[in-house]
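Since the structure comes first, as structure tokens, the remarks are kept for the end.
Just so you know, ligand 1 is whichever comes first in the structure, and atom 1 is the first atom listed for that ligand. Please read all numbers here as calculations on a predicted model, not as lab measurements.
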Amino acid sequence: MTDRAAEIAANLAEVRARVDAACARAGRDPAGVRLLAVTKTFPVQDAAALVDLGVLDLAENREQEAGPKAEAMAALRPGAPVRWHMVGRLQRNKARSVLRWAAQVQSVDSGRLADALAKAAAAAIGAGERAEPLEVLLQASIDGDPARGGCPLDELPDLAERVIRSSDLRLRGIMAVAPLGTQPEAAFERLAVAAGRLRAEYPSATEMSCGMSNDLEQAIDYGSTCVRVGTALLGGRGLASP
Ligand SMILES: *Cc1c(COP(=O)(O)O)cnc(C)c1O
């Protein structure tokens, strides 16, 4: 094992211990909390080290970076059952590209994006590039700040309807980034209410994706089923990085 791989292994053990402890406090089964490793800005070798440690859910936030990285991973670890998740803002003209590598898009926040992904998914399936529908999470805006992306909470039902219309998309749940500079608990509580409503309407929408390196404990407390962790696994991304 390289020094870097050993460092990542130690970080992973720490993150898993945090998840386990948070689950124990919340009376939850850790099997109900998926760990999504956010590998943005880090090289594919780091992502491969995570795969070697059994972390098969990887996430990226930029299509331009993720496509080549997913391709490089397929060459580095052929046959590894890696699932790539898109968690960042996505332009509609990138829908077709994202379908080449993403199992899931967590950042669907407008009807127009949902339609573009549905069209791209149909094309990718029709062309034999993929067998499975694209899994979709609705990104909710908890604080209504347009700069952070996300669909306002009161528009989520319409957006869900839009996703459900396509047989090439599969509605899997809801995602959010907690607002900056405030205590995350209030945000996660609101998200949990929205997640519960969505789940009641659409039984396949079981996922609630929230919690990052700094607030995963609080997110698990409020029912997160998917924590998205970058920094705590791979280290800081530096000032210039997203
Ligand atoms: C970068 C990113 C994360 C991971 O954040 P960390 O604080 O590094 O754990 C999670 N979610 C999204 C949408 C991100 O862009």
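Polar contact check, G230 against ligand 1: a nitrogen or oxygen pair lies under 3.5 Å apart. Below 3.5 Å of separation, one finds an N or O of R228 facing an N or O of ligand 1.
A heavy-atom distance below 4.5 Å is not found between the side chains of E7 and T2.
A salt bridge between D115 and R92 is absent, with no side-chain N of the basic residue lying under 4.0 Å from a carboxylate O of the acidic one. Using a 4.0 Å cut-off between charged side-chain N and carboxylate O, E65 and K69 make a salt bridge. Salt-bridge check for E71 with R100: failed, with every basic side-chain N at 4.0 Å or more from each acidic carboxylate O.
Contact between Q106 and ligand 1 is absent, with no heavy atom of the residue lying under 4.0 Å from the ligand. Ligand 1 lies out of reach of N214, whose nearest heavy atom is not under 4.0 Å from it.
Under a cut-off of 6.0 angstrom, the local environment of CD in E185 is crowded, with over 12 non-hydrogen atoms contributed by other residues, nucleotides or ligands. When the shell of 6.0 Å around CG of N214 is examined, it contains 12 or fewer heavy atoms from other residues, nucleotides or ligands.
The T231 neighbourhood of ligand 1 comprises atoms 6 (P), 7 (O), 8 (O), 9 (O), with distances under 4.0 Å to a heavy atom of that residue. Close approach to V229 involves these atoms of ligand 1, each under 4.0 Å from a residue heavy atom: 9 (O). Of all the atoms in ligand 1, the ones that sit under 4.0 Å from a non-hydrogen atom of V87 are 12 (C), 13 (C).
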